[in-house]
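The block underneath contains the structure these notes are about, expressed in structure tokens.
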Protein chains: 2
Amino acid sequence: MKGVRIADVAQLAGVSTATVSRVLANPDQVRAKTHKAVMEAVRRSGYTPNSAARNLRTRRTMTVLVVAPRLTNPVFAQVLRGVDDELTQSGYGIIVANLDNQTDREVRYVDLVLSRQVDGVLLMNGRIPQGGKRSMGDAGVPIVAMCSAIPDSGIPNITVQDREASRKAAEYLAQLGHRRFGYISGLPGTYIETERFKGFQDGLAAAGYDEKVVRWEGPFTFSTGVAAAQAFLRMKKRPTGIFAACDESAIGFVKTVQEAGVRVPEDVSVIGFDGIEFADFSEPTLTTFRQPLREIGRTGAQALLKMIQGEAGQVDLNVRLPLQLLERGTTGPAPEKTRG
Amino acid sequence: MKGVRIADVAQLAGVSTATVSRVLANPDQVRAKTHKAVMEAVRRSGYTPNSAARNLRTRRTMTVLVVAPRLTNPVFAQVLRGVDDELTQSGYGIIVANLDNQTDREVRYVDLVLSRQVDGVLLMNGRIPQGGKRSMGDAGVPIVAMCSAIPDSGIPNITVQDREASRKAAEYLAQLGHRRFGYISGLPGTYIETERFKGFQDGLAAAGYDEKVVRWEGPFTFSTGVAAAQAFLRMKKRPTGIFAACDESAIGFVKTVQEAGVRVPEDVSVIGFDGIEFADFSEPTLTTFRQPLREIGRTGAQALLKMIQGEAGQVDLNVRLPLQLLERGTTGPAPEKTRG
DNA sequence: AAATAAGATGTAATCGATTACAGAAAAAGT
DNA sequence: ACTTTTTCTGTAATCGATTACATCTTATTT
């Protein structure tokens, strides 16, 4: 309620506001004696700079917006930690936009950016948020995409080798003797989903089994896996090698088929994607690709910081980090009778 | 890069900056004709108000800080959604502080509040963040606590009936015939943890078995459950009724003992706390108390908004929401031989 | 000791929007 | 047509910190 201003501190220390400002921003431009007096006045008055005034004058906010499609998805929560590591260290603050998978939530964050409340934006939602006729890109604020690239946007992106990993998933299943395949998608139409599906198809084609893949669609959630499992259970001739575009779907699938008496991995093998912590605790432990989530966040934040500092030229447009296949409990040899 | 100012719009529309400002803030104070002309100029120029200037002048930021102990914990992510529901509707923005269980991360958010970058604070970490000699409470900014109360602070809090539920957990296990009990704690010393442990003890006392409870300590994580399970497995005379202060620990425990050949719930029963989505997909499905997480968030946000609007008197100091016991797969009758 | 350079500090303009107050225009009343 | 009232609009102060520039000290060189 009080409102201690820089002028109050200046008066208390017997100097000008300019000097107080210097003490706080460039301590070495000021004599030791003055410095001490000012710091004492700051302490006594309990002064904290008003950031609105500072932002107005400096035209910087030292704040970055991070857009997540859904924050309850551990993947994004984890990437966020990496972002936080990096930005905190550089003195930047973070505003998190949780879209909860609803595109109409984008609007308000467009305003946030256009009204210059942030110095940069990190997107994990795979598209440039729009609102009315305005786009987040209009402001000229630096943007970096993480997890998903944004095609034809020219926006630097930090992703993983989705395609390569998905291809490997197909090869791995084929090698275990599986001949009928199922694919549980992520949100249809998204870049990330498309890449993973293509990779899986490529892998099957390379192994010579691309004809036989059943595809179940839905968002990146548990419920998609549950729905896929229900469809699976209704089939007469079931696939035995399943690849899910995210761990949550994979786990939803496993749990649901198990309840119907199908054994994993004896009757059906399942591979997930992401390597969320929870995948270590499903039963059986989920075979999956572990993403370097925290590193994605750190790398993205580093790139953004460079752009904010005007070194956009130094930023790689496409960084693709490798994934690690964790061979665990939900995959095994195909059941004898189904082998090709 | 451009920087369209309100003065530019005013010039374009042939009016004063005051009028432009009015059109945007109080459209009914201005003639229809003028309104139209200004809106047209706004559209043509692509004007968006500079929020730093606005915040400086109005002394409000329309932004709220939400402090979470750990964002990868689905409990807090879920509460955050409820907060978001409410604040977004009222036009407020959200800054999320993810402490990642490290107290030293509090510091920067103290500055954030003291420098008036937010109009209010929602705490989920069970304490008032401190930094240096300053406390987040010093600024006179409205604060509301969620999930955990902050004793002796006078800060309004929205919590659940932790104690009542924990007591019920004890009664439930006792009623199933269990006579030897285990308790997997949350972060020792926290209000929430203390409440849950006390409740569990009370319940055991009421049933007459309070002598026999083993306590394993650790934070609210999977790994605490894993460690508890390892200790459990080393015991000669093992408890059969386990209550965990959070679902993640419960799941970590279940998975780990299962790997060692212990059957759940035949050999040991486990009750969790929280009702995270993941608990629906563990094997067996976790018996737990479901918290109304989103409602906690909404209620907390509503209370904070009232305080911001100067109606602090209208705010209940202690709101305690009920929990729902989900009786599921990880609990069952005590093994015959152990019955008392 | 004087001249010059380097360093520290102060003055005042500036960032961009809001709003109290005054003044102009329109509407209503006589 | 002329006041009076009501409704709009403009002028200019204000929010609080930063910083270019000027001025005044202190240090260095000759």
Side-chain angles (χ1 to χ4, degrees), chain A residues 1-39 41-42 45-63 91 111-112 114-119 139, chain B residues 1-39 41-42 45-63 91 111-112 114-119 139:
Chain A
M1 288 298 119
K2 318 190 44 178
V4 181
R5 301 183 327 292
I6 197 169
D8 301 326
V9 178
Q11 189 176 21
L12 199 63
V15 298
S16 72
T17 61
T19 299
V20 176
S21 181
R22 286 192 199 100
V23 168
L24 266 30
N26 311 74
D28 41 340
Q29 271 181 32
V30 92
R31 220 188 319 179
K33 189 179 157 194
T34 316
H35 182 274
K36 198 177 149 219
V38 170
M39 288 311 281
V42 166
S45 62
Y47 170 72
T48 315
N50 178 310
S51 55
R54 169 180 292 167
N55 295 346
L56 174 58
R57 180 63 227 241
T58 60
R59 295 153 158 287
R60 281 178 301 131
T61 63
M62 297 303 282
T63 303
D111 284 344
L112 195 87
L114 296 182
S115 66
R116 300 222 141 49
Q117 284 190 70
V118 295
D119 295 341
Chain B
M1 290 296 121
K2 319 189 45 177
V4 181
R5 299 183 328 292
I6 196 170
D8 301 325
V9 177
Q11 189 175 21
L12 199 62
V15 299
S16 74
T17 61
T19 300
V20 176
S21 180
R22 285 192 200 101
V23 167
L24 267 29
N26 311 74
D28 41 339
Q29 272 179 31
V30 93
R31 221 189 317 176
K33 190 179 155 194
T34 316
H35 181 273
K36 198 177 149 221
V38 170
M39 289 310 281
V42 166
S45 62
Y47 170 72
T48 314
N50 178 311
S51 54
R54 170 179 291 168
N55 295 346
L56 175 57
R57 180 62 227 239
T58 62
R59 296 151 158 288
R60 283 179 299 132
T61 62
M62 296 303 283
T63 303
D111 284 344
L112 196 87
L114 296 182
S115 66
R116 300 220 142 46
Q117 283 189 70
V118 294
D119 295 341

**Message:** Using five base pairs at each end to define the local axes, how bent is the helix from C/dA1-D/dT30 to C/dT30-D/dA1, to the nearest 10°?
**Reply:** 30°
**Message:** Which is more 5' along DNA chain D, the nucleotide nearest B/T58 or the one nearest A/R60? Just name the residue.
**Reply:** B/T58
**Complete:** Taken to the nearest whole Å, NE2/B/H35 to C1'/D/dT7 is 16 Å
**Item:** Exercise: identify the closest heavy-atom pair between B/Y47 and B/L24
**Value:** CE2-CD2, 3.6 Å
**Request:** List in numerical order all residues of residues 7-15 of chain B for which some heavy atom is under 4.0 Å away from an atom belonging to DNA chain C.
**Result:** none
**Polar contact flag, side-chain donor to acceptor under 3.5 angstrom, A/D119-A/T61** = yes
**Asked** Do side-chain atoms of B/T58 reach the backbone of B/R54 as a donor and acceptor pair under 3.5 angstrom?
**Response** yes
**Asked** Just by modelled atom types, is the A/A139 backbone N or O under 3.5 Å from a matching donor or acceptor in the A/R116 side chain?
**Response** yes
**Prompt:** Donor-acceptor pair, A/D8 side chain versus A/V4 backbone, under 3.5 Å?
**Reply:** no
**Complete:** Taken to the nearest whole Å, CG/B/N26 to P/C/dT19 is 8 Å
**Message:** Donor-acceptor pair, distance only, cut-off 3.5 Å: does the side chain of A/N50 make one with the backbone of A/A52?
**Reply:** yes
**Asked** Would you say A/R5 reaches D/dG16's phosphate, i.e. side-chain N/O to OP1/OP2 under 4.0 Å?
**Response** yes
**Asked** For the pair made of CG in A/L56 and C1' in D/dT14, what is the distance, rounded to whole Å?
**Response** 12 Å
**Whole-Å gap separating P (C/dA13) and CZ (A/R57)** = 12 Å
**Message:** Measure CG/B/L24 against P/C/dA17 and give the value in whole Å, please.
**Reply:** 10 Å
**Message:** Expressed as a whole number of angstroms, how long is the span from B/Q117:CD to D/dG16:P?
**Reply:** 15 Å
**Asked** For the side chain of A/S45 and the backbone of A/A41, is there at least one donor-acceptor N/O pair under 3.5 Å apart?
**Response** yes
**Request:** Ignoring backbone atoms, test whether B/Y47 places a side-chain nitrogen or oxygen under 4.0 Å from the OP1 or OP2 oxygen of C/dA17.
**Result:** yes
**Prompt:** Does A/S115 offer a backbone N or O that forms a donor-acceptor pair with the side chain of B/S51 under 3.5 Å?
**Reply:** yes
**Short side-chain N/O contact to C/dA8 OP1/OP2 from A/R31, under 4.0 Å** = no
**Message:** I want to confirm an ordering. Mapping A/T48 and B/D28 to their closest nucleotides on DNA chain D, which one lands closer to the 5' end?
**Reply:** B/D28
**Request:** For A/T19, report the nucleic acid contact type (base, sugar-phosphate, nothing); a contact means any heavy atom under 4.0 Å.
**Result:** sugar-phosphate
**Request:** Would you mind telling me which of D/dG16, C/dG10, C/dT19 lies closest to the side-chain atoms of A/A18?
**Result:** C/dG10
**Asked** Within a strict 4.5 Å, meaning less than it, do heavy atoms of the A/M39 and A/V23 side chains meet?
**Response** yes
**Request:** Rounded to the nearest angstrom, tell me the gap between atom CZ in A/R54 and atom C1' in D/dC15.
**Result:** 16 Å
**Asked** How long is the line joining CD1 of B/I6 and P of D/dT14, in whole Å?
**Response** 19 Å
**Message:** Return whichever of A/T17 or A/A32 has its heavy-atom-nearest nucleotide of DNA chain C closer to the 5' end.
**Reply:** A/A32
**Message:** Over all strands shown, is B/R22 touching base, sugar-phosphate only, or nothing at heavy-atom distances under 4.0 angstrom?
**Reply:** base
**Asked** Taking all atoms of both residues into account, what is the closest heavy-atom pair of B/Q117 and A/T63, and its distance?
**Response** OE1-OG1, 4.5 Å
**Prompt:** Looking at A/R59, does any N or O in its side chain come under 4.0 Å of the phosphate oxygens OP1/OP2 on C/dG16?
**Reply:** yes
